[in-house]
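Single-structure report; data block below.
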Amino acid sequence: MGGLVISGGRVVDPASGMDAIGDVAVLDGKITAVGTGLGSAERTIDATGLVVAPGFIDLHAHGQSIPADRMQAFDGVTTTLDLEAGVLPVASWYRRQAAQGRVLNYGAAANWAFARIGAMTGSNTESSLEAFGNAMRDRRWIENVASDGEVAGILDRLATGLNEGAIGIGILNAYAPGAGVQELTAVCQLAAAQDVPTFTHIAYMSRIDPESAAEAYIRLIGYAGATGAHMHICHFNSSSKTDVERCAVLVAKAQAQGLPITVEAYPYGTGSTVLAAAFFSDPDFETRNGTAYDSVQRVTDGRRFRNRQELLSAQAEEPSTLVLWHILDTEHNPHHRDLLDISVLYPGGAIASDAMPWTLSDGSVYTGDAWPLPEDATSHPRSAGCFTRFIREWVRERQAVSLLEGVRKCALIPADILAASTPAMQAKGRLQPSADADIVVFDFDTLSDRATFSAMNRPSEGVRHLLVSGQPLISDGVLDVAARPGRPVRRPVVES
């Protein structure tokens, strides 16, 4: 027979509940059989002593480039999607990815923030990190309630993006907290009518009222109930901060009542975003967030801000600069570790990285072909080690969940969140005949993140083999730098 057989590994498939020694046969980009004694093939991978699992699916990855893909490949990821922010315009973005070639499967939502920027400021720049930072100099789209005409323009841009195959609508509400409830209701009604999820960075993240995280979740729950839209909560950990206990109770009750709400989290107490984010300029930043200005740290040089004036000056000069926001001290504070557990271990919740782009010391985004990455390339450790960190700490070391459940949170749950609206996802996140051959083979005993806040660009270790669409990308721990097996994940395009 032709094709490939991965033989003798510990096959972990959360879709069937299988966790046993077996073989996986692959042909023409698909899994053809899972079992024992599958025989010989054109190529065999000896997985004795290794775990064979569906490749991890990242719902929340902003890198969307060859270097970002490669770092995530060593994190066990085979499909990387930018859903919280998304892109705009959508069709041209997919065309560019296909033209340059991608290492991992890729896809994106339609970007509500850029629809707002276009409709309210007249700037129809294509979405990018730099364009996002620059757009924050015109605060109309951030602070103003949209007029009826502007709402129509926002909806038109989003509908076009959905017709061009966007996976859903990314709602960066925290970056435009002035958006009115009527507008957001209309956006959710559009999502419900098109049967796609919304992916929301909630409007407020403070621990105190008014405009607290609890208030933002009550709004999100209300949108789900009033419109029927599937509301997906992005980075439950960093959105809820130290108030996650209260917020988790609210979300769990809403889910128990049947509302279409899903959740993701990443296993770090430190967040990352652009310096120009509206919440950093809140005059009551310290009181409302329980953190001082030195909790905000520039990624490229590690500098921490000393006071409000210094931060505001930097916002004006370098709005697109990436910063870290140290929210939970999980290294030294046991209570903060417990708070992170609530979001990371949330029942039915996905693991998602919120991986950031890689930037060089001059602040430019790196999209080049060098491997390993340039020495001065920085991001956030989650861009390199999110999934391996989760498996290492929560599954292997602490045994907070089983390996089967850990893989479910990294692969099957993300696939199922999208399966109803994006048919391509029905073949991912599982090891079953006719499923896509997106497969990770790793050493459970040594799988580990290596990226730290002082050395961010260190790939994870322990991934021995990685197949994307049936094509080997990592073999015996070595990356094929010429490989571009990534395929688009996209909803069917509506012809105009």
Side-chain angles (χ1 to χ4, degrees), residues 58 60-75 77 80-90 92-104 106-109 111 113-114 117 123 125-137 170 172 175 201 270-277 280 296-303 314-315 317-325 353-386 451 453 455-459 481 484 486:
D58 194 351
H60 190 160
H62 300 299
Q64 299 301 316
S65 65
I66 287 169
D69 285 357
R70 287 169 169 171
M71 293 298 281
Q72 288 209 290
F74 282 93
D75 202 26
V77 175
T80 177
L81 308 172
D82 188 346
L83 303 182
E84 179 220 31
V87 301
L88 212 67
V90 171
S92 59
W93 182 83
Y94 274 102
R95 282 197 300 270
R96 281 198 307 277
Q97 308 312 306
Q100 73 180 17
R102 286 287 298 274
V103 174
L104 303 181
Y106 57 91
N111 190 315
F114 270 84
I117 291 165
S123 171
T125 308
E126 291 205 5
S127 57
S128 69
L129 184 67
E130 182 180 11
F132 192 47
N134 290 336
M136 290 180 178
R137 293 191 166 101
L172 289 170
Y175 295 85
H201 182 145
T270 295
S272 182
T273 186
V274 290
L275 182 56
F280 288 139
V296 184
Q297 180 181 17
R298 195 157 46 204
V299 169
T300 50
D301 61 5
R303 178 178 176 80
Q315 277 189 326
E317 293 171 10
E318 44 181 318
S320 305
T321 293
L322 291 177
V323 293
L324 302 172
W325 188 5
S353 73
D354 196 3
M356 301 301 287
W358 290 91
T359 56
L360 302 179
S361 54
D362 64 2
S364 63
V365 175
Y366 181 68
T367 58
D369 196 37
W371 185 256
L373 296 190
E375 288 187 11
D376 63 336
T378 54
S379 179
H380 183 298
R382 68 192 185 201
S383 307
C386 168
F453 287 103
M456 301 179 191
N457 60 358
R458 292 163 55 182
V481 295
R484 300 289 185 274

Original post:
Quick check: does any side chain N or O of Ser353 sit under 3.5 Å from a backbone N or O of Ala61, one acting as donor and the other as acceptor?
Top reply: no

Original post:
For the atom pair NE2 (His201) and OH (Tyr175), what is the distance rounded to the nearest 0.5 Å?
Top reply: 5.0 Å

Subject >> Short side-chain donor-acceptor distance under 3.5 Å, His62 and Asp354 >> reply: yes

Original post:
Taking C-beta and beyond as the side chain, do Thr270 and Phe453 meet within less than 4.5 Å on heavy atoms?
Top reply: yes

Subject >> Distance (rounded to the nearest 0.5 Å) between Met71 CE and Ile66 CD1 >> reply: 15.0 Å

Original post:
Does Asp376 reach the main-chain N or O of Leu360 with its side chain, forming a donor-acceptor pair under 3.5 Å?
Top reply: no

**OP:** Give a yes or no on whether the backbone of Pro319 and the side-chain of Arg137 come within a donor-acceptor separation of less than 3.5 Å.
**Re:** no

**OP:** Quick one: do Arg70 and Asp369 satisfy salt bridge (Lys or Arg N to Asp or Glu O under 4.0 Å)? Show the steps, please.
**Re:** CA-CA 10 Å; Arg70 287 169 169 171; Asp369 196 37; 2.9 Å; yes

**OP:** Verify side chain to side chain contact (heavy atoms under 4.5 Å, CB included) between Val274 and Phe132, making sure each step is shown before the conclusion.
**Re:** CA-CA 9 Å; Val274 290; Phe132 192 47; 4.1 Å; yes

Original post:
Does Ser320 reach the main-chain N or O of Glu130 with its side chain, forming a donor-acceptor pair under 3.5 Å?
Top reply: yes

**OP:** Taking side-chain hydrogen bond (donor to acceptor under 3.5 Å, both in side chains) as the test, write out the residues that go with Asp362, two or more places apart.
**Re:** Ser364

**OP:** Report yes or no: does Asp82 contribute a side-chain atom to a donor-acceptor pair with the main-chain N or O of Ala108 at less than 3.5 Å?
**Re:** no

Subject >> Close side-chain approach of Thr367 to Trp358, heavy-atom, < 4.5 Å >> reply: no

Original post:
Does atom CD of Glu318 have more than 12 heavy-atom neighbours from other groups under 6.0 Å away?
Top reply: yes

Original post:
Between the side chain of Arg382 and the main-chain N/O of Ser379, is any donor-acceptor distance below 3.5 Å?
Top reply: no

**OP:** Mind running side chain to side chain contact (heavy atoms under 4.5 Å, CB included) on Thr273 and Leu322 for me, showing each step along the way?
**Re:** CA-CA 6 Å; Thr273 186; Leu322 291 177; over 6 Å; no

**OP:** Quick one: list whatever passes side-chain hydrogen bond (donor to acceptor under 3.5 Å, both in side chains) with Arg458, sequence neighbours left out.
**Re:** none

Original post:
For the side chain of Ser383 and the backbone of Met356, is there at least one donor-acceptor N/O pair under 3.5 Å apart?
Top reply: yes

Original post:
Side chain of Asp75, backbone of Cys386: donor and acceptor closer than 3.5 Å?
Top reply: yes

**OP:** Output the distance between atom CG (Leu275) and atom CZ (Phe280), rounded to the nearest 0.5 Å.
**Re:** 7.0 Å

**OP:** Would you please test Arg102 and Gln64 for side-chain hydrogen bond (donor to acceptor under 3.5 Å, both in side chains) and show each step?
**Re:** CA-CA 9 Å; Arg102 286 287 298 274; Gln64 299 301 316; 3.0 Å; yes

Original post:
How long is the gap from CZ on Phe114 to CD on Glu126, to the nearest 0.5 Å?
Top reply: 10.0 Å

Original post:
Roughly how far, to the nearest 0.5 Å, is CG of Asp301 from OG1 of Thr321?
Top reply: 9.0 Å

**OP:** Establish, from distance only, whether the side-chain atoms of Thr80 and Asp58 form a donor-acceptor pair under 3.5 Å.
**Re:** no

**OP:** Mind checking side-chain hydrogen bond (donor to acceptor under 3.5 Å, both in side chains) for His380 and listing every partner two or more places apart, or none if nothing turns up?
**Re:** none

Subject >> Heavy-atom donor-acceptor pair, Tyr106 side chain to Asp69 backbone, under 3.5 Å >> reply: no

Subject >> Gln297 side chain vs Arg303 backbone, donor-acceptor pair below 3.5 Å >> reply: no

**OP:** Going by the side-chain contact (heavy atoms from CB on, under 4.5 Å) test, name the single residue among Thr359, Asn457, Leu373 that passes it with Thr378.
**Re:** Thr359

Original post:
At what distance, to the nearest 0.5 angstrom, does CG of Asn111 lie from CG of Leu172?
Top reply: 6.0 Å

Original post:
Under 6.0 Å between the ring centres of Tyr366 and Trp371?
Top reply: no

**OP:** Could you walk me through whether Met456 and Val299 pass the side chain to side chain contact (heavy atoms under 4.5 Å, CB included) test, one step at a time?
**Re:** CA-CA 10 Å; Met456 301 179 191; Val299 169; 4.2 Å; yes

